[in-house]
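Report on one structure; see the data block that follows.
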Amino acid sequence: MPLHVLDHPLAAHIITHLRDQTTKPATFRTLAYQLSLLLAIESTADLPTEEKTIATPLESMTGSVLTHQPLVVVPILRAGLGMVQPFTDMFPDVSVGYIGLERDHATAVARSYYCKLPPLTGRRVFVIDPMLATGGSASNALSVVKQHGAINPTLVCIVAAPEGVAEVEKSHPGTTIHTAALDRALNDRKYILPGLGDFGDRLYGT
Ligand code: PRP
Ligand code: URA
């Protein structure tokens, strides 16, 4: 499965501060934005381009521009909201869909509570969720976007556990995953180690 782990000193710097338990929500949100911006750039590196001839103030030249292919970004609520803005900043025409999933505290099984998606057929779809733990939420969301017409959706996360990567590989073979970090394992409560704790709680101060 194509698993891409960010390999950049700035990404390593940012994620270290993001993990730090003393980092407060306001800073956490800024760091999440910065990492997601790096991920947005990395995960769209294969977007198609086409030639365009323009005139600079000095002469004409042929450059390249993005081929018009509508992008859709689908955050998994609620933590995924912390990754949306870099995509909308970099791709102003992007459409945003929402999938609400919440893990049960006892079983860690994700329960669906909301779904609102734009048309996905013929569009490049990015499912975004900072934490890939058991992989249950991501697999569920990938199934939903495929049922709505997405072909080969890309998964973008900030911290992935090997168990989550394996689950996505099993349930959605061939899915491209971009992550800022691949961590060691899950603990017995299905939290990622070393991880950063509960992303949604840290993002929103809950
Ligand atoms: C977190 C996280 C993922 C999910 C990952 O969400 O944002 O969606 O857990 O875990 P999994 O891979 O085991 O499914 P949570 O359910 O805590 O909801 P929240 O975003 O509302 O905090
Ligand atoms: N969800 C989180 O927010 N953190 C984890 O470590 C696992 C799931």
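Counting convention: from 1, in listed order, for ligands and their atoms alike. Atom set for the values below is all heavy atoms of this structure, side chains included, hydrogens, waters and symmetry mates excluded.
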Verdict with reasoning, D198 to R103, per salt bridge (charged side-chain N to carboxylate O under 4.0 Å, His left out): CA-CA 11 Å; D198 189 304; R103 290 201 326 174; over 6 Å; no

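- For S137 (side chain) and A110 (main-chain N/O), no donor-acceptor pair under 3.5 Å exists by modelled atom type.
- Around ligand 2 you find R103, M131, A133, K190, Y191, I192, G197, D198, F199, each with a heavy-atom distance below 4.0 Å.
- Between F126 and F87, the ring planes lie tilted relative to each other; the angle falls in the 30° to 60° range.
- Using a 4.5 Å cut-off between side-chain heavy atoms of Ile, Leu, Val, Met, Phe, Trp and Tyr, with links allowed through other members, V96 and L203 fall into the same hydrophobic cluster.
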Inventory of protein N or O atoms under 3.5 Å from ligand 1 N or O:
| from | atom 1 | to | atom 2 | distance (Å) |
| --- | --- | --- | --- | --- |
| ligand 1 | 7 (O) | D129 | OD1 | 3.0 |
| ligand 1 | 8 (O) | D129 | OD1 | 3.4 |
| ligand 1 | 8 (O) | D129 | OD2 | 2.5 |
| ligand 1 | 12 (O) | A133 | N | 2.9 |
| ligand 1 | 12 (O) | T134 | N | 3.1 |
| ligand 1 | 12 (O) | G135 | N | 2.8 |
| ligand 1 | 13 (O) | R103 | NH1 | 2.7 |
| ligand 1 | 13 (O) | T134 | N | 2.9 |
| ligand 1 | 13 (O) | T134 | OG1 | 2.6 |
| ligand 1 | 14 (O) | S137 | N | 2.9 |
| ligand 1 | 14 (O) | S137 | OG | 2.6 |
| ligand 1 | 16 (O) | R103 | N | 2.6 |
| ligand 1 | 20 (O) | R78 | N | 3.1 |
| ligand 1 | 20 (O) | A79 | N | 3.0 |
| ligand 1 | 21 (O) | R78 | N | 3.3 |
| ligand 1 | 21 (O) | R78 | NE | 3.0 |
| ligand 1 | 22 (O) | R78 | NE | 3.3 |
| ligand 1 | 22 (O) | R78 | NH2 | 3.1 |

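- A single hydrophobic cluster is not seen to contain both L155 and F91; linkage of ILVMFWY side chains at heavy-atom distances under 4.5 Å, directly or through other members, places them apart.
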Side chain to side chain contact (heavy atoms under 4.5 Å, CB included) assessment of L71 paired with V73: CA-CA 7 Å; L71 304 187; V73 63; over 6 Å; no

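- When atom types are taken as modelled, the side chain of R202 and the backbone of K24 share no donor-acceptor pair closer than 3.5 angstrom.
- Sorted by first and then second residue, the salt bridge (charged side-chain N to carboxylate O under 4.0 Å, His left out) pairs with a member in residues 48-59 form an empty list; sequence neighbours excluded.
- Among residues two or more places apart in sequence or in another chain, the salt bridge (Lys or Arg N to Asp or Glu O under 4.0 Å) test is passed with R123 by none.
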